[in-house]
Trainee: 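Encoded as structure tokens, here's the structure I'll be asking about.
We count ligands from 1, going down the list as the structure has it; atoms in each ligand are counted the same way. Predicted model, so just to flag it, every value in this text is computed and none were measured.
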Amino acid sequence: MSSPTVETCAPLAVLGHDVLVPLASGAKVGYAALDYAASSPALQRVWDDVAAYAPYYGSVHRGAGYLSQLSTDLFEQSRRTVAEFLGLREGDQVVFTRATTDSLNLLAGAVPAGTRVFAFETEHHASLLPWAHAGLDVTYLRAPRSRAEAVAALDTALAGAPEGPKLLCVTGASNVTGELWPVAELTAAAHRHGARVVLDAAQLAPHHRVSVRELDVDWIAFSGHKIYAPFGAGVLAGRADWLDAAEPYLAGGGATRTVAREASGPVAVEWHTGPARHEAGSPNVIGAYAIASACRALTEAGWDALEAREQQLVARLKAGLAEIPQVKVLNLFGAAEDPQSVTQVGVLSFVVRGWNSSHFSAALSAEYGIGVRDGLFCAHPLVRTLLGDEEAAPSECGAPEPSLPGERSLNAIRVSFGAGTPDEHIDRFLAAVRELVTDGAAWNYRNEGGRCVATVQSDRGRREG
Ligand SMILES: Cc1ncc(COP(=O)(O)O)c(C=O)c1O
């Protein structure tokens with residue numbers, strides 16, 4: 001595959017920056033990956049580390065052979081690397097899971113009976129839904145319109161809550177607006193009322209230094225595939241007591257200390273405590289190793305430099321979109337009081353007046369080689385709140401997501417990026433948005449099997465040849 005000459009000043013090399021994709025016209029263009037919030041590209045460093053380890057890959061924990069022992073050491077070393085990356089406290093555990101969804105479902109099954117969970121309705125479904133699904137009582141807090149309102153709403157809800165164990169689940173950075181949540185303040189309020197906190201860091205950890213110790217949260221969850229390590233692993237880390245007291249997440253080998261036959265019938269099981277308790281089955285050693293490799297790469301690149309670079313791109317993107325009157329950027333908290341403060345990561349959603357979001361996203365792909373996402377981003381209540389007064393633009397594409405009777409149902413467009421994003425991707429995106437808004441699409445689009453595809457050239461396309 002030939003490589004286009006892409007001027008990149010991305011701080012970290014990622015795979016795929018030289019991939020060419022076809023446009024509706026038949027021409028090929030370098031792919032602009034602007035959907036990091038769903039899955040980021042793999043870091044070259046992660047890929048290289050995994051490739052270097054692959055010949056030495058062996059079964060973990062149970063093998064007597066050299067490669068098994070080496071793999072076991074790497075797996076356990078990966079746990080320590082993640083613990084350091086997250087700034088864990090003495091005694092905290094790192095449990096390897098499949099991803100954030102898995103981590104939060106694990107915790108939902110591990111909290112003491114009778115725990116009342118508090119969650120803002122603005123959460124991603126992965127942090128909104130596992131609690132009720134596990135049979136716990138959940139208090140859903142309405143969408144706050146400022147950070148201070150979020151803290152006050154939690155404070156009030158907890159003050160009125162009955163005695164007993166309580167847990168707040170909160171996101172560090174929104175997967176829709178990219179906005180940072182006041183995690184330290186919410187945690188202080190929760191702890192004042194005796195509630196524990198789990199931080200959904202799926203969108204925070206890839207963009208921002210995170211310290212469990214400094215934020216004082218009790219647990220943290222994140223996904224490898226959003227932090228440049230797409231090998232099917234995730235993390236739940238934090239306090240050991242509730243995890244050790246809980247039934248194992250999965251029943252099976254590796255989670256057991258002993259399994260004895262009993263004369264009367266059923267077997268007697270003694271389960272491990274520690275991470276193994278919730279890691280039954282053969283562990284995903286490559287996934288864990290890949291996450292550890294990403295943690296090392298991000299740490300070595302330096303968070304100050306990574307964040308400064310990302311904030312440059314955020315500012316460039318927001319300034320560019322602000323010049324296009326038809327574009328409405330979606331925000332929950334509104335403008336920052338201190339314009340110098342960092343208020344969001346490289347995730348931003350918007351709608352374009354007069355356009356259907358699916359149609360717009362399809363044109364970005366088919367006419368400019370830009371990969372964004374349209375939809376409700378697995379945060380339906382939040383996106384519906386943010387889109388409350390928008391008008392749906394008719395289109396053959398983008399059947400709106402189903403809604404309750406009387407509820408408006410629309411889509412938004414999300415652009416997201418990170419440590420592998422060159423300036424050119426943001427510049428191409430802004431130029432494309434400007435051109436589509438001003439001149440219209442060069443192709444017509446039709447819904448084919450749920451996908452919005454280019455069919456024939458539009459009047460503009462024919463005019464321009
Ligand atoms: C904020 C947030 N939490 C949780 C998740 C779920 O992550 P995963 O799909 O990796 O389990 C996502 C995924 O988009 C997310 O953005």
Trainee: Is there a donor-acceptor contact under 3.5 Å linking the side chains of Ser71 and Tyr53?
Mentor: yes

Trainee: Which residue pairs pass the salt bridge (Lys or Arg N to Asp or Glu O under 4.0 Å) test with at least one member in residues 217-230, sequence neighbours excluded?
Mentor: Asp218-Arg239

Trainee: Please list, chain by chain and in numerical order, all residues satisfying side-chain hydrogen bond (donor to acceptor under 3.5 Å, both in side chains) with Ser39, sequence neighbours excluded.
Mentor: His225

Trainee: May I ask you to check whether Gln93 and Asp244 show a side-chain donor-acceptor distance below 3.5 Å?
Mentor: yes

Trainee: With side-chain contact (heavy atoms from CB on, under 4.5 Å) as the test, pick out the partner of Leu168 among Val197, Val217, Val198.
Mentor: Val197

Trainee: With sequence neighbours left out, which residue pairs that include part of residues 166-197 fulfil the ring pair (Phe, Tyr, Trp, His ring centres under 6.0 Å) condition?
Mentor: Phe120-Trp181, Trp181-Phe333

Trainee: Which protein N or O atoms sit under 3.5 Å from any N or O of ligand 1? Give each pair with its distance.
Mentor:
unit_1, atom_1, unit_2, atom_2, d
ligand 1, 3 (N), Asp200, OD1, 3.2
ligand 1, 3 (N), Asp200, OD2, 2.5
ligand 1, 10 (O), Ser223, OG, 2.6
ligand 1, 10 (O), His225, NE2, 2.6
ligand 1, 11 (O), Thr100, N, 3.4
ligand 1, 11 (O), Thr101, N, 2.9
ligand 1, 11 (O), Thr101, OG1, 2.5
ligand 1, 14 (O), His124, NE2, 3.3
ligand 1, 14 (O), Lys226, NZ, 2.6
ligand 1, 16 (O), Gln203, NE2, 2.7

